[in-house]
2 protein chains.
Amino acid sequence: MATRTRRPERRENPLSRERIVGAAVELLDADGEGRLTFRALAERLATGPGAIYWHVANKSELLDAATDAVVADALAVAPATPVTPVTSAMPVTSVAPAMSAASTTTAESPRDGIRAVALALFDAIDAHPWLAAQLAAQLSRSPGQSVAPRIFESIGRQVSALEAPKSSWFTVTSALVHYILGAAGQNAANGRTLGPGADRGEFLDTTARAWEALDPDDYPFTRAVAVQIRDHDDREQFLAGIDLILNGVAAKPS
Amino acid sequence: MATRTRRPERRENPLSRERIVGAAVELLDADGEGRLTFRALAERLATGPGAIYWHVANKSELLDAATDAVVADALAVAPATPVTPVTSAMPVTSVAPAMSAASTTTAESPRDGIRAVALALFDAIDAHPWLAAQLAAQLSRSPGQSVAPRIFESIGRQVSALEAPKSSWFTVTSALVHYILGAAGQNAANGRTLGPGADRGEFLDTTARAWEALDPDDYPFTRAVAVQIRDHDDREQFLAGIDLILNGVAAKPS
DNA sequence: ACCTGAACACCGTTCAAGT
DNA sequence: ACCTGAACACCGTTCAAGT
């Protein structure tokens with residue numbers, strides 16, 4: 001501790017996969033994926049670009065590792081194991097079961113569980129905007145190759161505890177995951193164009209004004225909803241979309 | 001075919017923004033965004049890389065132009081103008097109005113209109129997988145700067161003709177657009193990993209088998225829905241998700 | 001076992017020079 | 001007005017050489 005007067009010695013601070021991934025996440029958060037460079041990374045780690053390749057195979061593996069690290073954290077906050085485990089035989093009715101020995105959190109209704117996981121992902125993507133594209137690309141990988149399939153599993157378990165026919169599980173879970181990734185990614189993109197220092201209320205007001213000034217013939221709808229964007233809460237809006245989908249689960253088609 | 005003996009003459013085939021964008025779309029479709037290169041593009045157009053910059057400012061403008069061209073086609077097939085125009089005063093009730101002089105297609109219910117636009121986008125993204133990421137990034141742009149806001153408008157108009165409170169329009173439209181882009185992008189990514197020559201049934205069977213072989217403790221849900229992926233139709237599945245959201249629109253929360 | 005740093009084969013983009 | 005092609009400042013990645 002007190003010996004930390006000199007800058008870190010190589011021996012005390014050797015390169016490691018963890019340090020590399022950590023620095024990568026920092027660069028990603030600060031500058032976005034386009035600016036994550038092996039040379040920039042090497043400089044930050046006080047080494048040469050070649051050294052990184054001893055610990056990481058290539059850039060895409062580095063991106064995967066960064067994604068895994070961040071998402072694993074996010075999913076750890078939300079409970080990975082839901083109230084009701086999937087029983088492979090029959091559609092599960094969502095009669096609240098006896099409290100299970102939940103690992104991290106108190107037991108919740110599946111609906112609240114979905115909200116919790118969704119919000120955890122929303123916040124993670126908000127804090128790390130580059131996550132959205134990364135996760136979307138990873139969803140088609142086989143489980144075990146990345147965290148993205150874990151998200152699918154995590155949402156799906158809660159869906160299986162909903163009172164919905166088993167035949168709808170896949171559709172519902174897919175819809176939820178797509179919505180979550182899409183909406184969270186959008187929010188992150190907005191935040192990015194906004195910039196870190198800017199005023200949110202002012203930004204919303206500006207967009208609302210711009211929407212209201214659109215050509216009535218070309219953009220009647222966008223004009224009509226301009227008011228709604230002016231004073232909406234991002235997370236509330238996001239959760240409203242989740243509820244919309246969940247409401248559709250048991251509803252009969254009109 | 002048989003006429004393709006000489007290479008095209010310069011004077012008869014001058015460079016133009018249109019030709020460049022067309023060639024870019026071809027490269028994008030064939031090799032993906034990573035392989036769209038000004039040098040490859042120049043070679044395909046029998047010119048130097050510098051020449052392209054006379055017609056296009058930079059790569060991101062080229063990508064935008066390619067996206068615009070492809071999406072404009074897709075939205076032209078689906079009706080851009082819906083049965084019921086947005087009236088800014090009151091929530092519109094979806095009593096079928098008198099047939100309007102629809103520009104391209106016969107009048108439809110808003111629900112069918114949404115399905116049509118969604119399916120057109122699904123097919124476009126299926127044919128041009130690089131579209132998904134491009135559109136997601138463009139959604140946060142102001143209308144007029146890209147086609148993405150037109151998609152929002154196009155879906156939104158139909159939403160406004162649904163029997164839903166006006167206060168929900170923004171949420172519903174956002175949810176739909178996010179789902180459409182997310183699900184279509186996912187499908188395109190799957191098709192990409194599948195490859196052009198492979199057998200779809202065999203591919204689905206392989207994934208289903210892989211899912212069924214997962215650890216029951218870690219992936220109970222994914223295992224449980226493995227059957228459902230085996231013989232599902234992509235477009236049907238996609239539309240089921242749309243219907244799910246639409247069903248949620250008027251449903252009361254449970 | 002781990003790190004260095006030069007080198008290779010690329011990129012997007014610019015720009016003097018041509019027609 | 002439009003095109004050429006060399007050049008600049010980057011990239012990811014490799015690899016002989018060091019410790």
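Within the structure, side-chain hydrogen bond (donor to acceptor under 3.5 Å, both in side chains) contacts touching residues 179-193 of chain A (residues at least two apart or in different chains) are A:Asp126-A:Asn187.
The stretch residues 53-66 of chain B touches DNA chain C through B:Tyr53, B:Asn58, B:Lys59, each having a heavy atom within less than 4.0 Å of the strand. Of the residues in residues 34-44 of chain B, those placing a heavy atom less than 4.0 Å from an atom of DNA chain C are B:Leu36, B:Thr37, B:Phe38, B:Arg39, in numerical order.
Looking at every heavy atom in both residues, A:Pro149 comes nearest to A:Arg141 through CG-O, 3.6 Å. Of all non-hydrogen atoms in B:Asp233 and B:Arg200, the two that sit nearest each other are CA-NH2, 4.3 Å. Between A:Asn58 and A:Tyr53 the shortest heavy-atom distance is CA-CE2, 4.1 Å. In terms of heavy-atom proximity, A:Arg157 sits nearest to B:Tyr219 at NH2-N, 4.4 Å. Contact detail for A:Leu27 and A:Arg44: the closest heavy-atom pair is CD2-NH1, 3.6 Å.
Using modelled atom types, one side-chain atom of A:Arg223 and one backbone atom of A:Glu212 make a donor-acceptor pair closer than 3.5 Å. Checked by atom type and distance alone, the side chain of A:His232 pairs as donor or acceptor with a backbone atom of A:Ile229 at under 3.5 Å. Of the possible polar contacts, one joining the B:Arg19 side chain to the B:Pro14 backbone as a donor-acceptor pair under 3.5 Å is found.
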Query - side chain to side chain contact (heavy atoms under 4.5 Å, CB included) between A:Phe122 and A:Ile242, worked out - result: CA-CA 12 Å; A:Phe122 183 86; A:Ile242 297 279; over 6 Å; no
Report summary line: With both pairing distances under 3.5 angstrom for Watson-Crick or G-U wobble, and | for a partner in another strand, the correct string for DNA chain C is ||.|||||...|||||.||
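The shortest side-chain heavy-atom distance between B:Leu28 and B:Val70 does not fall under the 4.5 Å cut-off.
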Please tabulate the protein-to-nucleotide N/O contacts below 3.5 Å involving nucleotides 16-19 of chain C, giving atom names and distances.
none

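Atom-to-atom, CD1 of B:Ile52 to P of C:dC11 comes out at 12 Å; the value is rounded to the nearest Å.
Comparing B:Pro49 and A:Pro49 along DNA chain C, the residue whose closest nucleotide (by nearest heavy atom) sits nearer the 5' end is A:Pro49.
B:Thr222 meets the side chain to side chain donor-acceptor pair (under 3.5 Å) test with A:Glu153; sequence neighbours excluded.
The pair B:Lys59-B:Glu33 does not count as a salt bridge, with every side-chain nitrogen at least 4.0 angstrom from each carboxylate oxygen.
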